[in-house]
A.B. asks: 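Here you go, one structure.
Order of the sequence lines fixes the chain letters, A, B, ..., with proteins taken first and strands second; residue numbering starts at 1 for each chain.
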Amino acid sequence: MAENGKITPQSQDFPAWYQDVVREAELAEAAKVVKGCMVIKPHGYAIWEKIQSDLDRRFKETGHQNAYFPLLIPMSFINKEAEHVEGFAPEIAVVTHAGGKALPEGEQYCIRPTSETIIGHFFSKWISSYRDLPLLINQWANVMRWEMHTRMFLRTTEFLWQEGHTAHATHEDAKDEVIRMLNVYGDFAQEMMAMPVVRGIKTDAEKFAGALQTMCIEAMMRDGKALQAGTSHDLGQNFGKAFDVRFQTEQGREEFVWQTSWGVSTRLIGGLIMTHSDDTGLILPPRMAPVQVVIVPITRKDAEREKVLPVVDGLFRDLKARGIAVKVDDREGKRPGDKYYEWERKGVPLRVEVGMRDVDSGTAMTRLRIAEEKQKIAIDTLATQIPGILDDFQQMLLARAEKFRDDNTVTVDTWDDFLGVFQDGQSKFAWCHWDGTRETEMRIKEETSVTIRCIPLPGQGPAPEPGRCIRTGNPSAGRVLMARAY
RNA sequence: CGGGGCGUAGCGCAGUCUGGUAGCGCGCCAGCUUUGGGAGCUGGAUGUCGAAGGUUCGAAUCCUUUCGCCCCGACCA
């Protein structure tokens, strides 16, 4: 990690670069005093709020309501669904003492690693008739998973997320919900975060503990590794049976509900960083930027301030009226260059400089975060142009990310080629044939630490065509996405 | 859980081998000069040297114990 004020180049050490950007953009810092936890600082939290508000709108548009369930879950709940316990037991934190006394083993709680169990408990109380279905609930919450290795935003002991939990009368309805919410995530990632994603299905080995099937969106980071950016699970009747969530059908029969759950977390912020940013620091797509435009007035003497500041203020008001998140950096005692670097580190998409020269000529200097050169624009047309400039920048970042991903995506047919693509810890997206067995998947993972990220949904990968498994040569029905993963 | 590293000013570190009473850079504060791509000068403030115990005239430094954090290897959004 570089010293304060410096960012290690991506090409030199990608993990160090990432840590440096997180620090220099003032997104978060390691809590240190609490193992594996982080403090999300105002600028980082503002990005989370952007994510929250847009997703929340999308959830409401698809008929969901927010609710809140307890942080503590009785241990007995966790133990009810066999695969669920097995999957989460190693990373659960347990409350063993409370009120100054040790709690008897049967009365201990765990801090939620996810809420399927406690929500299942309440669903069983709330649901009795097909008229109660579908039940579409979302919760914004923190969860805790005792991780061995933590990385800011990508994997921390405590993290913020949303978890959707729904119950349906038929498996078909539940499956529709799973894909609907996967698409909400995918659309959000592309439209708002300018982060292209592959939508697919997890293999059994990678699916959520307790689910029938897990769907996911996978994004490519700038080091070629894959980031699972969101998941949507078909829980079948597993939790319905474990928590006795039954309803009466129209015909009067008793049946277990079909459930789904889906979530995205503060990990998305890590994805945002590693999709767009560069050696200067954070780069934010305008729709995710807490500050979209920063105006830096350049003034030397009081006489200049009197002329420059009114122009700046007019521009500020005009932009604000158009719904642009604009900030004027009129701090004294900092030089303009210092301010430029600071806002570039923090990922502000567009900077506007206004000094005496500009006031005299009726222009302003502007610089897009990734532009080589500054551009001179007439002040009286600037405010009307900026929404379009930001929109173009949003599209530019998406196109750039798509190009990067496509340039680093390969189709691989032989094991030798596969080893070549992933040698020395390198990663790309590799479309490969796989024989569909867990044994082969595990074997490849052990030999190379490369994993199957997903089986692509229609249109998300190469058209299905029969072939031979890259490792065993056994028959394969289609290609799967393989990569190193975060 | 195994292997390695580190705890000294807000941050990053030197000092530890060879004990002698606390230092550097950045940041911070004040003032002046500066201000179109990371300012300069002058002055100033800041430390239970991770904790506890021991050895010693004297411990950041040696010994013992202990706590915490970080990095690397088996699980995970």
Side-chain angles (χ1 to χ4, degrees), chain A residues 1-7 13 15-16 19 23-24 29-37 86-92 113-114 141-151 153-163 185 202 205-209 214 216-219 226-233 261-271 280-281 296-302 304-305 308 329-345 351-361 363-367 373-374 376 425 442 445-446 449 451 485-486:
Chain A
M1 192 159 70
E3 60 191 294
N4 275 351
K6 296 269 178 61
I7 294 174
D13 184 341
Q19 299 246 46
R23 184 191 63 243
E24 291 301 318
E29 66 181 63
K32 297 272 181 80
V33 290
V34 187
K35 183 178 160 57
C37 291
E86 198 183 330
F88 282 105
E91 51 190 69
I92 281 178
T114 180
N142 56 341
V143 290
M144 180 164 276
R145 298 179 185 179
W146 215 257
E147 301 287 354
M148 311 236 165
H149 288 144
T150 57
R151 310 178 76 160
F153 292 112
L154 300 172
R155 187 177 301 115
T156 47
T157 300
E158 180 187 11
F159 58 95
L160 304 183
W161 77 346
Q162 66 55 226
E163 45 180 328
Y185 290 155
K202 284 293 184 190
E206 296 269 337
K207 74 177 186 188
F208 176 77
T214 289
C216 61
I217 53 173
E218 296 282 332
L227 182 78
Q228 178 177 308
T231 50
S232 185
H233 315 292
S261 68
W262 27 274
V264 296
S265 70
T266 36
R267 170 179 261 200
L268 285 176
I269 297 173
T280 307
V296 180
I298 295 150
T299 54
R300 272 166 293 204
K301 311 181 192 71
D302 284 350
E304 291 187 3
R305 293 178 67 81
V308 169
D329 186 354
D330 56 0
R331 286 176 296 176
E332 292 182 48
K334 273 206 188 298
R335 297 157 73 90
D338 211 358
K339 296 178 181 178
Y340 301 164
Y341 281 107
E342 176 172 338
W343 294 110
E344 281 169 14
R345 279 199 299 275
R351 181 180 73 236
V352 177
E353 305 164 15
V354 182
M356 269 315 287
R357 294 210 291 266
D358 302 295
V359 171
D360 289 341
S361 65
T363 58
M365 297 305 291
T366 66
R367 185 172 185 277
E373 301 288 332
K374 294 181 186 181
K376 187 183 284 187
M442 287 306 161
K445 184 176 177 181
E446 277 163 28
S449 84
T451 52
Y486 274 97

A.B. asks: Is there a donor on the side chain of R335(A) or the base of rG36(B) sitting less than 3.5 Å from an acceptor on the other?
C.D. replies: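 By the distance-only test, no, there is no pair.
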
A.B. asks: Please give the nucleotide sitting opposite rA77(B) as a Watson-Crick or G-U wobble pair, both distances under 3.5 Å, or none.
C.D. replies: none

A.B. asks: Does rA39(B) pair with anything, Watson-Crick or G-U wobble, both distances under 3.5 Å, and if so, with which nucleotide?
C.D. replies: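 rA39(B) is paired, partner rU33(B).
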
A.B. asks: Which residues pass the ring-ring contact (aromatic ring centres under 6.0 Å, His included) test with Y486(A), sequence neighbours left out?
C.D. replies: none

A.B. asks: If you go through the side-chain atoms of K374(A), does one of them form a donor-acceptor pair with the base of rG37(B) closer than 3.5 Å?
C.D. replies: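 By the distance-only test, yes, there is a pair.
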
A.B. asks: Would you tabulate the pairs of protein nitrogen or oxygen atoms and nucleotide nitrogen or oxygen atoms of nucleotides 3-6 of chain B closer than 3.5 angstrom?
C.D. replies:
none

A.B. asks: Tell me which nucleotide, if any, is Watson-Crick or G-U wobble paired with rA59(B) when both distances must be under 3.5 Å.
C.D. replies: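 Base partner found: none.
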
A.B. asks: Which value, rounded to the nearest 0.5 Å, describes the distance between K334(A) atom NZ and D329(A) atom CG?
C.D. replies: 8.5 Å

A.B. asks: Would you say whether Y340(A) stacks on rG37(B)? The test is a distance between ring centres of less than 5.5 Å and an angle between planes of less than 30°.
C.D. replies: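 Y340(A) ring does not meet the centre or angle cut-off for rG37(B); no stack.
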
A.B. asks: Does rU66(B) pair with anything, Watson-Crick or G-U wobble, both distances under 3.5 Å, and if so, with which nucleotide?
C.D. replies: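 Looking at the geometry, rU66(B) pairs with rG50(B).
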
A.B. asks: Could you tell me whether the side chain of D358(A) has a donor or acceptor atom within less than 3.5 Å of a complementary atom in the base of rG36(B)?
C.D. replies: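 Check passes, donor-acceptor contact within cut-off.
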
A.B. asks: Could you run down nucleotides 69-77 of chain B 5' to 3' and tag each one B, S or - for protein heavy-atom contact under 4.0 Å?
C.D. replies: S--BBBBBB

A.B. asks: For the C1' atoms, the ones on rU55(B) and on rC63(B), what distance do you get once it is rounded to whole angstrom?
C.D. replies: 7 Å

A.B. asks: Just to confirm, is there a sub-4.0 Å distance from OP1 or OP2 of rU35(B) to any side-chain nitrogen or oxygen of R300(A)?
C.D. replies: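 No, outside the criterion.
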
A.B. asks: Between rG4(B) and rG20(B), how far is it from one P atom to the other, in whole Å?
C.D. replies: 30 Å

A.B. asks: Does any nucleotide pair with rA45(B) by Watson-Crick or G-U wobble geometry, both distances under 3.5 Å, and what is it?
C.D. replies: none

A.B. asks: Checking base pairs now: Watson-Crick or wobble, both atom distances under 3.5 Å. What partners rG10(B)?
C.D. replies: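 Across any shown strand, rG10(B) pairs with rC26(B).
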
